[in-house]
Amino acid sequence: MENTFSAKYNRFFNFFFYSGWAAIWIASLFRYAKAFLWTGDILLFISLVILIRSNRLNIFSLSKTLSILLGIFLICLLWFVIISPYPSASLEAFLLNYFFHISLFFLVLIIILISNSISFIFWLIPCIAIITSIVYDFSFVFINCNLNLTCALKSGLYLLNSHNSIFKGLVITSPVYVFGFFIFLGLFLKSTGYKKLIFGVTSLSSLLALLWLGRRAALLGCFIAFIILLFLSKKKSLKILSLGILLVLIIVTIAVLNSPYGKDILIRSDNVQLLLSGKYEKFDEAGSLGLRLYVWPQYFKKALEHPFSGTGIARRVQKRVLSTTELGAPLEHSHNLFLNLWLQAGLHTSLVFLTFYLLSFYKCYNLWKFSGEDYFIGGLLLFLIGFFIMSFFEGLEEGTRFTTFWIANGLAWGYAQKRS
């Protein structure tokens, strides 16, 4: 990584940064990797300290609005660690879900600000991690299907969740594959030579993984993101690209649904007719989507009872404090990032986070327009839109589900700050 900070720090920074950078990508995609997560977070935090010290930086001076907003966010969260009925669990969640992620956000932001260019290895590490995980996932299923391709195509969803697999999990890996699809699509369109090939393979592999694993919320996020791009863009090439990808997604979805195993991938246990009937009291019998539609009003009602109170930080704390039996909610949490944050740390904390998210949209959109609708910045914008849609269907505030969100925001804010 070409940079402007003191040479005496360069060797130490590169060791800590790239070791930590590789560790968090491994932790994001593979099971039994919590040691990698803690190690990666600590190494990246050390990298941030080195960067600040060697450049004599003041984070507050980077952007007062940003620093104040995220400072308030962390203070609000910390209060719900202090008052948590399970403080050790809440403290761990505070560190892994928020403190280290916000540190990573500032680390990426500062790297963009002070670097003359981002080295290829910065992007190569996530490319290798994503492609390796997809190759492993498919190989594991293919072997367990006795090398039967039809079985492998329809059984990935179920076989990967077995205890013998080191697959991280369907929900946990979805944000990584969405990040891989959008960000590396943008880099693919900007690159040449062997880099173009690597970025293109990573982007395409990520999309195919989402289709193979039937990640419906992620695919919906991709679909809506490209519809928005189609209307926002004034560049003909981007309109054609958006329309082409939308048509491909529609055609592939129809083809999968009409295949012998398509409904197992995209419909699964959902009873579409029951959902369309509007009988709310029976939605809990209509599959995973029905369960979400069934529990959202109940968790929302619970949040309204004490809007500025919270269970304490961490999903496991939320599960213990809010008894699903008492709520009559068959799901252990609300499967909604913003609602989970509200339930754990109060409405005010959720609103501070939402304000940051909307400000990120504004920054990234303005940057994209100012750059002449740059492909890479467009990929960042599309990811932020896709992640936003996914957040309404899953609790993406937990663990490595949240990692790519903060990386993408660090990139967007970094390039926006560099422009100004």
Side-chain angles (χ1 to χ4, degrees), residues 37-38 41-42 44-49 51-53 57-110 302-318 320-322 333-334 336-363 387-388 391 395-403 405-410 412-414 416-417:
L37 179 59
W38 277 104
D41 282 340
I42 291 169
L44 290 172
F45 181 72
I46 293 171
S47 302
L48 176 62
V49 173
L51 211 54
I52 291 171
R53 180 178 173 80
L57 291 171
N58 179 356
I59 286 181
F60 188 77
S61 67
L62 296 175
S63 170
K64 290 183 179 179
T65 302
L66 175 63
S67 301
I68 291 171
L69 194 61
L70 290 180
I72 292 172
F73 183 55
L74 284 175
I75 290 169
C76 290
L77 291 164
L78 189 57
W79 172 248
F80 286 96
V81 174
I82 295 169
I83 66 171
S84 171
Y86 305 97
S88 60
S90 290
L91 178 60
E92 181 184 57
F94 173 78
L95 292 172
L96 292 177
N97 299 348
Y98 303 105
F99 178 78
F100 284 130
H101 276 141
I102 290 175
S103 298
L104 176 60
F105 163 80
F106 278 110
L107 175 60
V108 173
L109 187 158
I110 294 169
K302 189 67 179 178
L304 286 173
E305 290 177 6
H306 303 284
F308 300 103
S309 299
T311 62
I313 307 301
R315 179 87 56 78
R316 51 184 169 155
V317 174
Q318 180 182 334
R320 292 177 189 177
V321 175
L322 294 180
H333 64 95
S334 69
N336 182 300
L337 185 157
F338 305 100
L339 189 49
N340 273 351
L341 191 54
W342 181 355
L343 288 163
Q344 291 176 25
L347 176 61
H348 53 297
T349 308
S350 187
L351 288 177
V352 171
F353 174 73
L354 180 59
T355 301
F356 167 74
Y357 206 151
L358 295 177
L359 194 55
S360 295
F361 276 132
Y362 175 76
K363 284 278 185 181
F387 191 92
F388 187 77
S391 297
L396 298 180
E397 80 290 344
E398 192 82 3
T400 56
R401 298 169 178 84
F402 221 6
T403 303
F405 169 82
W406 292 102
I407 293 172
N409 273 283
W413 279 85
Q417 293 294 97

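Everything numeric in this text was worked out from a predicted model, so none of it was measured.
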Approximate separation, where rounding is to 0.5 Å, of [X] [atom1] and [Y] [atom2]:
| X | Y | atom1 | atom2 | value |
| --- | --- | --- | --- | --- |
| Ile313 | Asn97 | CD1 | CG | 8.5 Å |
| Leu77 | Gln344 | CG | CD | 9.0 Å |
| Leu347 | Phe308 | CG | CZ | 5.0 Å |

message: With a 6.0 Å cut-off on the ring centroids, do Phe80 and Tyr98 count as close?
response: no
Is there a side-chain contact between [X] and [Y] (heavy atoms, below 4.5 Å)?
| X | Y | result |
| --- | --- | --- |
| Leu95 | Asp41 | no |
| Trp406 | Leu109 | no |
| Trp38 | Glu92 | yes |
| Phe402 | Leu96 | no |
| Leu51 | Phe106 | no |
| Leu341 | Glu397 | no |

Closest non-hydrogen atom pair between Ala345 and His348, with its separation: O-CE1, 3.5 Å
task: Tell me, with the steps shown, if Leu359 and Trp413 meet side-chain contact (heavy atoms from CB on, under 4.5 Å).
output: CA-CA 10 Å; Leu359 194 55; Trp413 279 85; 3.7 Å; yes
task: Using the ring-ring contact (aromatic ring centres under 6.0 Å, His included) rule, pick out the option among Phe405, Phe356, Phe100, Phe73 that qualifies with Phe105.
output: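 Per the ring-ring contact (aromatic ring centres under 6.0 Å, His included) rule, the option paired with Phe105 is Phe356, out of Phe405, Phe356, Phe100, Phe73.
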task: List for me each residue that meets side-chain contact (heavy atoms from CB on, under 4.5 Å) alongside Ile72, sequence neighbours excluded, and say none if there are none.
output: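 Expected list: Ile68, Cys76, Val352.
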query: Do any pairs count as a salt bridge (charged side-chain N to carboxylate O under 4.0 Å, His left out) and have a residue in residues 65-80, sequence neighbours left out, and if so which ones?
result: none
- request: Would you sort out whether Phe361 and Leu358 count as a side-chain contact (heavy atoms from CB on, under 4.5 Å), showing the intermediate values?
  value: CA-CA 5 Å; Phe361 276 132; Leu358 295 177; 4.2 Å; yes
message: Quick check against the 3.5 Å criterion: does Arg315 have a side-chain atom that pairs as donor or acceptor with the backbone of Gly395?
response: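 It does hold such a pair.
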task: Using the ring of Tyr86 (Phe, Tyr or Trp, six-membered ring only), decide whether Arg316 places NZ or CZ under 6.0 Å from its centre and within 45 degrees of its axis.
output: no
message: One pair to check against side-chain contact (heavy atoms from CB on, under 4.5 Å): Leu74 and Phe94. What are the steps and the verdict?
response: CA-CA 9 Å; Leu74 284 175; Phe94 173 78; 3.9 Å; yes
